[in-house]
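Below is one structure, written out as structure tokens; the observations come after it.
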2 protein chains.
Amino acid sequence: MVLDERKLRILSAIIDDYVETASPVGSRTITRKYNMGVSPATIRNEMSDLEELGYLDQPHVSAGRVPSTKAYRLYVDMLLSGARRPIGEDREALQYFTERITQMEDVVQTAAQAVSELTHLTALVMMPGQPTMRIATLQLVPMPRGSALLVIVTDSGIVRDTVIRVSDQLDMDALYTISRMLTETLAGHTLREAQEMLDAYAARSTADQRVLMGVRNLAVQMARQSSVDSVSVDGTHHILNYPEYSDVEKARAFLSVMETRDKLLSVLRSGSGTVTVRIGSEVGLEELGDCSLVTAPFQLGGGFGSIGVLGPMRMPYDRVIRTLSTIGQAMTEIFGSEEIS
Amino acid sequence: MVLDERKLRILSAIIDDYVETASPVGSRTITRKYNMGVSPATIRNEMSDLEELGYLDQPHVSAGRVPSTKAYRLYVDMLLSGARRPIGEDREALQYFTERITQMEDVVQTAAQAVSELTHLTALVMMPGQPTMRIATLQLVPMPRGSALLVIVTDSGIVRDTVIRVSDQLDMDALYTISRMLTETLAGHTLREAQEMLDAYAARSTADQRVLMGVRNLAVQMARQSSVDSVSVDGTHHILNYPEYSDVEKARAFLSVMETRDKLLSVLRSGSGTVTVRIGSEVGLEELGDCSLVTAPFQLGGGFGSIGVLGPMRMPYDRVIRTLSTIGQAMTEIFGSEEIS
DNA sequence: TGTTAGCACTCTCGTTCGTTGAGTGCTAAC
DNA sequence: GTTAGCACTCAACGAACGAGAGTGCTAACA
């Protein structure tokens, strides 16, 4: 059964009002605030129908109505498909985001911050693992006091560095020669291969073991860190601003789920290649109760990452969708061009 | 007036019990749990004296007693000075911390995480600004698709990188030559000097402006970021576990103070070169109400940073002090040696 | 003089019980 | 199909009240 025009308008008004006020919506409120041109009694009849159809819930008989999961689903589907889709980019979001990006390594963190700041919700970002990442370059940069900074760059543009101790006879040129040799040997190999090669070489070589082991250890660590999907979270504190979480127990439950990265990863991984909205039980984290998760994809080195927000089912879906898809696209571009400023 | 031995024991017991249970302590509790060898009535007389002296407060006449700020002050002073000082390192903390340190840039973040995880309180770390930081080395590392990773290392061991676009005719050797030239020119100069030199040079040179501008921009950005003290925060969510913050309004007030870095900086900067405990109004953030701030210093490039925890006045000061001073020392060592693994 | 038992007293906390008010569903009239 | 009217329901709020924890005081005791 499809809803007629007036029922849709009423349902939409109820959702809008509830998203704004967080309290059950009565028939008089609808007539006053959203002047429908009909009396409260008429609205009541329609609301009664909508409740029968499963679009509205009634906390108790003398309260107003609250949108059900099904209502949000309908509302969001209209947003995502029909002509109402929030087209166009969120200029504010784009500006906010690009202004703050500086370091390559910070893109994910910055994106999460931007999203949580703009939506006042908790932001989640999933970075896809890069198990087949290969070494592109490797360089030793001199540092004071017999140390050197080892920088490894991979073909997907991931940079990692660590400080290792080296013989203090090695000057900039000597370090460059070693870097060049190591790059020639290891470039094009995966991190695990590099580890094996270095182990084998170190065993029968008399060269400076500290450099070799330093490279080996960083490669191992990079392989470990980068082969699995990772997730970062920002803006968890926003949840306290919602009356749904004025109960400290609920707030704590929410925050403790945010600490368990595994669960977050599993729900973020299941996102498709487009903007996805999951409502209530669709989220798949029953500890959270009634939450919604909106995610947008971004591309990184052949895989898909996901950026999203998690919050009460009562959220301004249109704005959230627009912000997320804008930021997602911006991230895809950044990772694609591998250039920042 | 100095407290006699028994009064001290009773006061100490009250503090211990209150730190543990968060509820006012009655005379019977003291006799039962901390067997004092005297009856509740005697304890009551002593408690009455302690209240008169300002060491105890009574929320209302039929509740037990609660330690006052003055009581915590006495308790902490005994910890910090006398023979009761929590000597020795916190092995657990040291292990937890060193296990997790990998990247040089992450030391601060890792330290904050370790502290908040170990103490179950909110951790704060202040990094002192390095306004006179000088360039030590500068290197361009080849990356795919006409890009290069620019790495600047300063004499205090700060590493920063960014990706810049370069002519795709530049191979590893060419980039090294440029790096060498730039290093020779700029090493030993401050970041601001480097910026001016590059501006002047770029104006009259026909060399690849993109490289010069890339270096310039990173130098400017490093100067901006590093000349001011910075602060990072971790574990704000722990506050919800304390009944003092079961009121959502209070929790929100706390979290919003944690968002205002300026205020945090000003209180962290005022720490001395030793472990400092500030209790209640001594903290200097009246928005927080009754909090305590414990800080330990660490050394970084000639300046002093500060690592601390912020939580309810009711906190296990001995453990917190031991953990913080251990981590502070570990950080000093790490920054001093400029080596990690 | 310090310690202790006994007891009246105080005050919070949780419960119960009306009262109030928002909002509904139904009926009858338009 | 719409609307006014009205009885009805139920959460929220506040007052009243009993239970319990803990105190201060007094008088007896070592």
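To find a chain, count down the sequence lines: A is the first, B the second, and so on, and within it residues start at 1. Values below: all heavy atoms of this structure, side chains included; hydrogens, waters and symmetry mates excluded. Everything numeric here is computed off the predicted structure, so don't read it as measured data.
Between A:Arg6 and D:dT2 there is a side-chain N or O to OP1 or OP2 distance below 4.0 Å. Residue B:Arg65 has a polar side-chain atom (N or O) positioned under 4.0 Å from OP1 or OP2 of D:dG24. For the OP1/OP2 pair of D:dT3 and a distance below 4.0 Å, the side-chain nitrogens and oxygens of A:Thr42 include at least one atom meeting the criterion.
Nearest-nucleotide positions on DNA chain D place B:Ser62 closer to the 5' end than the other of B:Ala41 and B:Ser62. Comparing B:Pro59 and B:Pro40 by the nucleotide of DNA chain C that holds the closest heavy atom to each, the one mapping nearer the 5' end is B:Pro40.
Regarding B:His60, its NE2 atom lies at a distance of 10 Å from the P atom of D:dG22, rounded to whole Å. Counting to the nearest Å, the C1' atom of C:dG23 and the CG atom of A:Asn45 are 14 Å from each other. Counting to the nearest Å, the C1' atom of C:dG23 and the CD1 atom of A:Ile30 are 13 Å from each other. Separating the CG atom of B:Leu56 from the P atom of D:dG24 is a distance of 11 Å, rounded to the nearest angstrom. One can place CG of B:Leu50 at 13 Å from P of D:dT23, the figure rounded to the nearest angstrom. Counting to the nearest Å, the P atom of C:dA22 and the CG atom of A:Asp17 are 16 Å from each other. One interatomic measurement links the two molecules: CD1 of A:Ile14 to C1' of C:dT24, which rounds to 13 Å at whole-angstrom precision. As a whole-Å value, the separation of B:Ile43 CD1 from D:dG22 C1' is 14 Å.
Nucleotide D:dC6 is matched to C:dG25 when pairs are restricted to Watson-Crick or G-U wobble geometry with both distances under 3.5 angstrom. Look at C:dC30: its Watson-Crick or wobble partner, with both distances under 3.5 angstrom, is D:dG1.
Residues B:Asn241 and B:His120 fail the side-chain proximity criterion, which asks for heavy atoms closer than 4.5 Å. The shortest side-chain heavy-atom distance between A:Thr295 and A:Met126 does not fall under the 4.5 Å cut-off.
Across B:Thr119, B:Asp318, B:Asp90, a single residue satisfies side chain to side chain donor-acceptor pair (under 3.5 Å) together with B:Thr323, and that is B:Asp90.
Counting heavy-atom neighbours within 6.0 Å of B:Glu287 CD, excluding the residue itself, gives a total above 12.
Salt-bridge formation is not detected for the pair B:Arg65/B:Asp57: no Lys NZ or Arg NE/NH1/NH2 atom is positioned less than 4.0 Å from an Asp or Glu carboxylate oxygen.
Of the listed nucleotides (C:dA5, C:dT24, D:dT3), C:dA5 has the atom at the smallest distance from the side chain of B:Ser39. For B:Val61, the listed nucleotide lying nearest its side chain is C:dC11; candidates were C:dC11, C:dG25, C:dT24.
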